[in-house]
Amino acid sequence: MIVNKKKRSAEAILKAESANIRRLRPYENYLVAMIAIAWALFQLSLASILLLDSTRERTIHLAFAIALLFLVMPCLKSSRKYLGFLSVTDRIPLMDYIFAASGAIAALYLALDYEGLAMRSGMPITRDIVSGTILVILLLEATRRIIGPALSVIAILFTCYAFLGPYMPDILAFKGVSLRKYLSNITLSTEGIYGIPLGVSSSIVYLFVLLGALLDKAGAGKFFTSLAISVLGRYKGGAAKAAVVASGATGLFSGSSIANIVTTGPFTIPLMKKIGYPPKKAAATEVASSTDGQLMPPIMGAAAFIIAEYVNVPYLEVVKAAAIPAFVSYFGLFCITHLEASKLGIKGLPREDTPDFFATLKNGLHYLIPLGVLLYELVILRHSPELAAFRAIMVLFLIIVYQEIRGAVLANKTIRSALISGVRIITSGLIQGSKNMMSVALACAAAGIIVGVVNMGIGGMISGIVEDLARGNIFLLLFITAMASLLIGMGLPTTATYIVMASLTAPIIVNVGQIYGFAIPIMAAHLFCFYFGILADDTPPVGLAAYAASAIADSEPIPTGIQGFLYDIRTSVIAFLFVFNPDLILHNISSWPHALLIFGMALVGMSSFECFAQGWCMTRNKWYDIPFFLAAAFILFHPGAIASLFNLDPAMKYYLFPLGFLFYGAVILLQKTRKKDL
C-alpha cells in the first residue's frame with residue numbers, strides 16, 4: 001500500500017523540517033547524543049527517584065535546552081556574504097561551543113548560588129547582573145534560532161517598554177524599572193524566565209513529549225494510520241475520513257501539528273489524491289486534522305499543562321473541559337470530508353488499497369497498552385500527570401523490547417540482535433524527545449520574560465487599553481483576543497502564543513463578562529486563548545502546518561493554508577460558543593447522563609453547522625435551507641440563549657433540544673424530496 005512516491009514525500013518533508021539542523025561530525029554526534037540522553041535520563045529520574053526543589057529543576061532543564069540548541073542549530077539558516085561563519089552546517093563552530101557552555105552556566109547560576117541569592121534577594125551584585133544579562137541575551141538568541149525572530153522581538157519590545165515607560169505618551173506611560181529590578185525579576189526569581197511555564201515544561205511536558213517521540217520511533221503513528229484506513233478506507237471519501245481519525249489518534253500522543261502531519265500525511269495525502277481529492281483539499285484536510293491534534297485529550301498540547309497551573313486545577317479538569325469541544329471539532333471535520341466527497345463524487349478506496357483490519361490490529365495492538373496505562377493512571381488512579389507519563393514510558397520500554405524480540409523470532413534472528421535493536425529504538429526516542437523539547441522549553445523560558453515584564457505593572461496598563469478598545473463589549477473583546485492570537489501565533493508556537501495572550505486577556509475576559517452579566521469561567525477564557533493559539537498554525541500567510549502538508553501534496557502553501565483555515569472555522573465557532581455556554585466544557589456538570597446529553601446534542605449541532613458551511617447536505621443547499629441549518633445548530637449548541645430570549649426558566653433550556661432536531665430534520669426531508677426530483 002505504501003508506494004515509493006509516499007516514501008519520497010515522507011523523506012522530503014522530514015528533510016525540509018530538519019533543514020536547519022547541522023550535519024555533525026561523528027564525535028559531535030556522540031556529544032549531542034550524550035547531552036540529549038542525559039537530559040532524558042535526568043527528567044525520568046525527576047519523576048521517579050531524584051528529589052529536587054522546583055527552582056533547581058527548572059534551571060537544569062533550561063541549561064540542557066540551551067546547550068543542546070547551540071550545538072545543533074546554526075546561527076543563520078542560509079549563507080551570507082562575509083557572514084559565512086555564522087551559517088556553518090557541517091560542524092559545530094567554536095563560537096557555538098562557547099555559547100552553549102556560557103548559556104548553560106548562566107541558566108544554572110540560580111542553582112549554583114541559590115543560598116547567596118536568597119540572602120541578597122532584590123539587591124543583586126555585579127556578578128548577578130552579568131550572569132543575568134548573559135542569560136537573557138543567549139536565551140533570546142537560542143529562541144530566535146529554533147522558533148524564529150517573532151518571540152525574541154516581542155520579548156525585546158516588552159523589555160524596552162519596561163525601561164522606556166516614563167518617556168511614553170500619557171496613555172502608554174509606565175513608571176519604568178531599573179536594570180537591577182529587571183534582572184532580579186526576570187533572571188533571579190520565579191517571576192520571569194523560571195516561572196510557571198518553564199516549571200510545567202520541566203516537570204510534566206518533557207515526559208509527554210518523550211512518550212510521543214518513543215511511540216513514534218516504535219511505529220505507533222503508522223499503526224494508527226493503517227488502522228484508520230482499514231476501517232474507513234472503503235467508504236465514501238474514506239481516505240480523508242481515515243486521515244481525520246488517524247490524526248486524532250496520533251494527536252493523543254503527539255501534541256504537535258507539524259509532527260502529526262509528518263507522521264500521518266505521507267500515508268493519507270497520496271491516498272486522498274488517488275481517489276479524487278484535489279491536492280489543495282487533500283493537504284488542507286490533513287492540516288485541519290493535525291492542527292486539532294493538540295486539542296485531543298488526554299495529552300493535548302504543551303500549553304494544556306500550563307492551563308492547569310494558571311487556573312490552579314488538576315490536569316484532569318483541563319482534560320474534562322476540553323473533551324467535548326475536541327471530539328465535536330473532529331466530528332465536524334469528519335462531516336466536512338463526507339460532504340466534500342459528496343460534492344466531488346468521490347468514492348472509497350479499492351479493496352486492494354485497504355489493509356485487513358484484524359491483521360493490522362493484531363500487529364499493533366501493543367501500541368495501545370502505554371496509552372491505556374496513561375489513561376488508567378490519570379483517570380482511575382488520579383495520579384499526577386508526570387507519574388502517569390513516567391509509568392507509561394516504562395511500560396513502553398518493555399513493549400519496544402518485546403516488539404523487537406517478537407520480530408526477531410518471526411524472522412529467525414537472534415535474541416541478541418533484537419535486544420540491540422530495541423536499545424537503539426529507545427535511544428533514538430530519547431534523543432528525539434530531547435530535540436523535540438528544545439523549542440517547547442525555550443519558548444516557555446522566553447515567554448517568561450514577557451510574563452515577568454507584565455507582572456512588573458505593565459499588564460494592568462495593557463489590560464486597561466484592551467478593555468478600552470473593547471468598550472466593555474464582550475463580543476468585541478473576544479474578537480480582539482482571537483485576532484491578536486492569530487496574528488501573534490503566525491510567528492510563535494502554540495505554547496508561547498497561549499502564554500502571552502492568557503497573561504494579557506484571560507483575566508479581562510472574565511472581568512468584562514462579570515460586569516455585563518456573563519458568568520464566564522476562568523477555564524473557558526484560558527481555553528479560548530489556547531484554541532486560537534492552535535488555529536494560528538494554519539493561518540496564512542505563515543501557517544507552518546500548511547507548508548508541511550503542501551510539501552507532501554505538491555500544492556501551493558498559501559491556498560492550502562486558506563482552505564485549511566476555512567475547514568477550521570468550526571473550531572473557532574466552538575471556542576466562542578463555550579465561552580457563552582460553559583455546559584460545553586462541562587462547567588459544574590458531573591453527571592454522566594447530563595454530559596452525554598450535551599455531547600450528543602453538540603454532535604448533531606455540528607453536523608447542522610457543517611451542512612450550512614459546506615453548502616451541501618443531501619444535495620446542494622438552497623437559500624431557504626440556510627436558516628433551518630443555522631437555527632438547528634444554534635439551538636443544539638446553546639439552548640440557554642433561546643430560553644433567555646423567550647424569558648423561560650433556565651432549567652427549561654434542555655427541553656428546547658427537540659426544537660433543534662425539528663429544524664434539522666425538516667431541512668433534511670426537504671432536501672431528500674428535492675434529490676428525488678433531480
Side-chain angles (χ1 to χ4, degrees), residues 10 13-14 17-18 21 24 29-48 61 64-65 68-69 71-72 201-202 204-225 249-256 258-264 266 293 298-299 301-302 363-374 385-408 417-441:
I13 188 59
L14 285 169
E17 191 190 38
S18 60
I21 298 179
L24 305 178
N29 268 319
Y30 284 122
L31 174 63
V32 168
M34 286 173 60
I35 294 174
I37 293 171
W39 190 7
L41 295 177
F42 167 72
Q43 297 291 160
L44 289 171
S45 66
L46 279 177
S48 54
H61 181 77
F64 272 119
L68 194 60
L69 182 283
L71 296 179
V72 300
S201 173
S202 64
I204 301 174
V205 176
Y206 185 99
L207 294 173
F208 281 87
V209 170
L210 180 59
L211 176 62
L214 287 163
L215 279 167
D216 183 51
K217 292 294 181 181
K222 293 180 181 179
F223 161 68
F224 285 126
T225 304
T250 304
L252 290 173
F253 62 84
S254 171
S256 165
I258 294 178
N260 203 326
I261 288 171
V262 170
T263 302
T264 61
I299 296 179
N363 290 332
L365 190 61
H366 53 281
Y367 294 126
L368 299 177
I369 297 174
L371 297 177
V373 170
L374 184 67
E386 51 266 46
L387 180 59
F390 172 77
R391 290 185 173 174
I393 289 170
M394 293 298 104
V395 170
L396 182 55
F397 284 161
L398 297 175
I399 288 172
I400 289 173
V401 174
Y402 157 78
Q403 172 183 268
E404 295 307 302
I405 292 176
R406 179 173 174 269
S417 66
L419 292 174
I420 292 173
S421 177
V423 170
R424 284 177 178 168
I425 292 174
I426 291 172
T427 302
S428 177
L430 296 177
I431 294 170
Q432 191 59 49
S434 292
K435 288 183 176 179
N436 291 348
M437 264 306 296
M438 291 189 301
S439 60
V440 178

Pairing residues for Asn436 by the side chain to side chain donor-acceptor pair (under 3.5 Å) criterion, not counting sequence neighbours: Gln432

Heavy-atom donor-acceptor pair, Asn29 side chain to Leu24 backbone, under 3.5 Å: yes

Ala65 to Ala441 - nearest heavy-atom pair and separation: CB-CB, 3.8 Å

Heavy-atom check, side chain of Ile426 versus side chain of Lys217, under 4.5 Å: no

Contacts of Ile37 that satisfy side-chain contact (heavy atoms from CB on, under 4.5 Å) - sequence neighbours left out: Leu41, Thr427, Leu430, Ile431

Distance in Å, Ser48 OG paired with Arg391 CZ, rounded so as to fall on 0.5 Å steps: 10.5 Å

Ile420 CD1 to Ile425 CD1 distance, which is reported to the nearest 0.5 Å: 12.5 Å

Qualifying residues under side-chain contact (heavy atoms from CB on, under 4.5 Å), relative to Ile405, sequence neighbours excluded: Val401, Val409, Ile415, Ala418, Leu419

Qualifying residues under side-chain contact (heavy atoms from CB on, under 4.5 Å), relative to Ile369, sequence neighbours excluded: His366, Val373, Val395, Ile399

Flag side-chain contact, heavy atom, 4.5 Å: Met437 against Gln43: no

ring-ring contact (aromatic ring centres under 6.0 Å, His included) partners for Phe390, two or more places apart: none

Heavy-atom pair of closest approach, residues Ile400 and Ala218: CG1-CB, 4.0 Å

Thr264: side chain to side chain donor-acceptor pair (under 3.5 Å) partners, not counting sequence neighbours: Ser247, Glu286

Distance (rounded to the nearest 0.5 Å) between Asp216 CG and Asn260 CG: 10.0 Å

Leu215 and Phe223, any side-chain heavy atoms less than 4.5 Å apart: no

Closest approach of Glu404 to Ser421 (non-hydrogen atoms, all atoms of both residues): OE1-OG, 2.7 Å

Any side-chain heavy-atom pair of Leu211 and Leu374 under 4.5 Å: yes

Side chain proximity check, Leu46 to Leu207, heavy atoms < 4.5 angstrom: no

Side chain to side chain donor-acceptor pair (under 3.5 Å) partners of Ser45, counting only residues at least two apart: none

Least distance between heavy atoms, Ala389 atom then Phe208 atom: CB-CE1, 3.7 Å

Pairing residues for Ser434 by the side chain to side chain donor-acceptor pair (under 3.5 Å) criterion, not counting sequence neighbours: Tyr206

CA sep, side-chain torsions, deciding dist, call: Phe224, Leu368, side chain to side chain contact (heavy atoms under 4.5 Å, CB included): CA-CA 10 Å; Phe224 285 126; Leu368 299 177; 3.6 Å; yes

Validation row: His61, Trp39 side chains within 4.5 angstrom (heavy atoms): yes

Least distance between heavy atoms, Ser201 atom then Val440 atom: OG-CG1, 4.3 Å

Within-4.5 Å side-chain heavy-atom neighbours: Met438 and Phe64: no

